[in-house]
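For reference, the structure is listed below as structure tokens.
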Amino acid sequence: MIFHSLDFAAFFLIVVTVYWRLPRRAQNLWLVAASYVFYGYVHPWFVTLVFATTVADYWAGRGMADWPEKRRLFLGLSLAANLGMLGFFKYFNFFAENVHAALTLAGLDVPRTTLAVVLPVGVSFYTFQELSYTIDVYRGTLTARRSFFDFAAFVCFFPQLVAGPIERASRLLPQVEQPRVFSWVAAREATVLMVWGYFKKLVIADNVGIIANKVFGLKDPSFEVLWAGVFAFGIQIYADFSAYSDIARGTARWFGFDLMRNFHHPYFARGPVDFWRRWHISLSSWFRDYVYIPLGGSRRGRWFTARNVLVTFLLSGLWHGASWNYVLWGLYHGVLLVAARLFGRWPVTSTLMLRVLTPLRIVGMFVLVEVGWLMFRETDIRFLLHDLTLSPWASTTLQRQTGIYLLLTAAAYSLPLWVHGAWEELRTAPARTVKAPPQRWGWVAAQAVLCGVLLATLLVFRSRTSLDFIYFQF
């Protein structure tokens with residue numbers, strides 16, 4: 001079931017109405033049942049995978065609590081269950097094809113082995129969420145839970161089951177276990193967040209997504225047309241993914257849950273380190289805590305730190321998909337981060353110099369991110385190499401005009417993102433240039449007007465072509 005469908009609207013109204021008429025334990029049971037309906041709506045067999053990993057990780061946690069001397073064994077079983085399922089459905093064909101290609105180059109004639117299986121939606125997200133539980137129990141930073149249904153509600157909570165945020169057990173499980181009280185204030189804020197999410201998805205992401213899809217569908221686009229398409233894709237993937245996170249957070253608030261913020265205006269980042277503090281925060285922090293730090297983090301000197309960063313980002317790239325362009329994208333961002341750590345620490349003491357450099361740093365980082373999005377979007381390495389060698393001097397006047405038109409069109413659709421980002425950057429600056437609005441009737445009225453404007457704009461300017469959320473494929 002997808003958020004931007006009438007089926008979900010009816011589902012949400014029924015679930016939330018029944019939910020607030022039940023006591024806490026019954027609420028959790030109701031959430032589990034509703035989440036399984038939500039996840040198995042199109043492919044009912046998906047539910048068996050979630051249930052199987054839930055059972056495996058629940059008993060792994062119980063085993064580590066009851067037999068602490070065998071906790072390494074139980075952690076191994078959890079890792080095998082989650083990573084084994086992820087590897088089978090997501091990476092089997094990728095590795096089989098690459099092994100076949102390597103053997104063919106070596107002169108060995110072996111049959112090609114592939115599996116015709118559907119990638120379960122969200123498998124990369126909920127397996128990582130479950131691993132946060134078993135790893136933390138193994139480390140002793142989290143207590144193993146006794147209630148199976150509370151743990152199941154944590155695993156399959158439907159607002160964030162399919163595309164995150166990837167919540168930590170230490171943060172979401174206590175919310176599952178505590179009594180929840182309905183709040184009109186939370187419901188109002190949740191509605192505003194959901195409307196903003198739907199606006200970003202249906203007006204911004206889907207409209208610029210059409211531009212990106214058409215450009216990347218061309219056999220030989222010109223330099224200007226290609227980079228207009230890359231810009232459109234950069235706007236699409238941010239608006240699309242952050243829209244899903246906003247709708248998920250808003251939906252969760254209607255049920256009394258507070259999910260973590262997954263994006264913090266990443267295109268206002270001042271550098272690679274800042275970008276990854278703002279982009280897909282739940283995933284980047286997951287890799288930091290469960291891959292980068294266990295590898296040694298930055299504790300063993302500059303070169304070991306560089307190695308750990310590159311390994312972490314290679315794995316992060318592979319997490320996004322079973323294709324070499326994702327690995328290259330991860331390596332690219334790893335190299336940017338290593339370069340920023342090694343060479344980007346020149347002290348700037350002048351306040352005026354900082355103000356002058358900040359816009360340049362933001363623009364420079366945005367350009368570097370766009371280069372990365374070309375690697376991310378162009379799945380064929382041969383086409384990617386061709387794209388990177390295009391020359392602007394070989395374009396005709398018509399091609400330049402077309403590229404400028406597409407760029408300006410995508411920029412026009414993205415304008416609300418830039419305005420909202422600039423507002424929050426000013427509001428959250430250390431000097432607090434703009435004060436946060438007080439929670440009074442005037443602010444409530446302003447929120448109502450904003451929602452009305454967004455809904456009216458959505459009805460007029462929404463894309464007539466409905467696109468799936470991008471991160472469903474991961």
* To do: Show your reasoning for whether side-chain contact (heavy atoms from CB on, under 4.5 Å) applies to Phe268 and Met365.
  => CA-CA 8 Å; Phe268 284 85; Met365 187 60 209; over 6 Å; no

Within the side chain of [X], is there an N or O that forms a donor-acceptor pair under 3.5 Å with the backbone of [Y]?
X	Y	result
Asn207	Phe461	yes
Trp319	Ser124	yes
Ser323	Tyr326	no
Asp246	Met194	no
Glu224	Gln401	no
Trp196	Leu454	no
Ser316	Thr312	no
Tyr238	Trp279	no

* Salt bridge present between Arg261 and Glu424 (N-O < 4.0 angstrom) ->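 Between Glu424 and Arg261 there is a salt bridge, with a charged N closer than 4.0 Å to a carboxylate O.
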
* **Check ion pair Asp136-Arg168 (N to O, under 4.0 angstrom)** =>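 A salt bridge is absent here (no side-chain N lies under 4.0 Å from a carboxylate O).
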
Under a 4.5 Å cut-off applied to non-hydrogen side-chain atoms, are [X] and [Y] in contact?
X	Y	answer
Leu172	Gln129	yes
Thr305	Arg300	no
Arg180	Phe255	no
Trp227	Val230	yes
Tyr292	Val311	no
Glu378	Asn325	no
Leu384	Leu374	yes

Crowding at [atom1], [X] (>12 non-hydrogen neighbours, <6.0 Å):
X	atom1	result
Leu6	CG	no
Arg288	CZ	yes
Tyr405	OH	no
Arg464	CZ	yes

Are the ring centres of [X] and [Y] closer than 6.0 Å?
X	Y	value
Phe38	Phe157	no
Tyr19	Trp30	no
Phe366	Trp418	yes
Tyr332	Trp329	no
Phe11	Phe158	yes
Trp276	Phe313	yes

Minimum heavy-atom distance [X]-[Y], with the two atoms named:
X	Y	answer
Phe182	Trp20	N-CZ3, 3.3 Å
Leu131	Asn82	CD2-ND2, 3.7 Å
Asp274	Ala269	OD2-CA, 3.3 Å
Leu218	Val225	CD1-CG1, 4.0 Å
Arg400	Trp393	NH2-O, 4.1 Å

* **Asp206 and Tyr413: side chain donor to acceptor below 3.5 Å** =>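 There is no such pair (donor and acceptor under 3.5 Å, judged by atom type) between the side chains of Asp206 and Tyr413.
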
* Nearest 0.5 Å, what's the CD-OG distance between Gln236 and Ser414? ->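 Rounded to the nearest 0.5 Å, the CD-OG separation comes out at 12.5 Å.
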
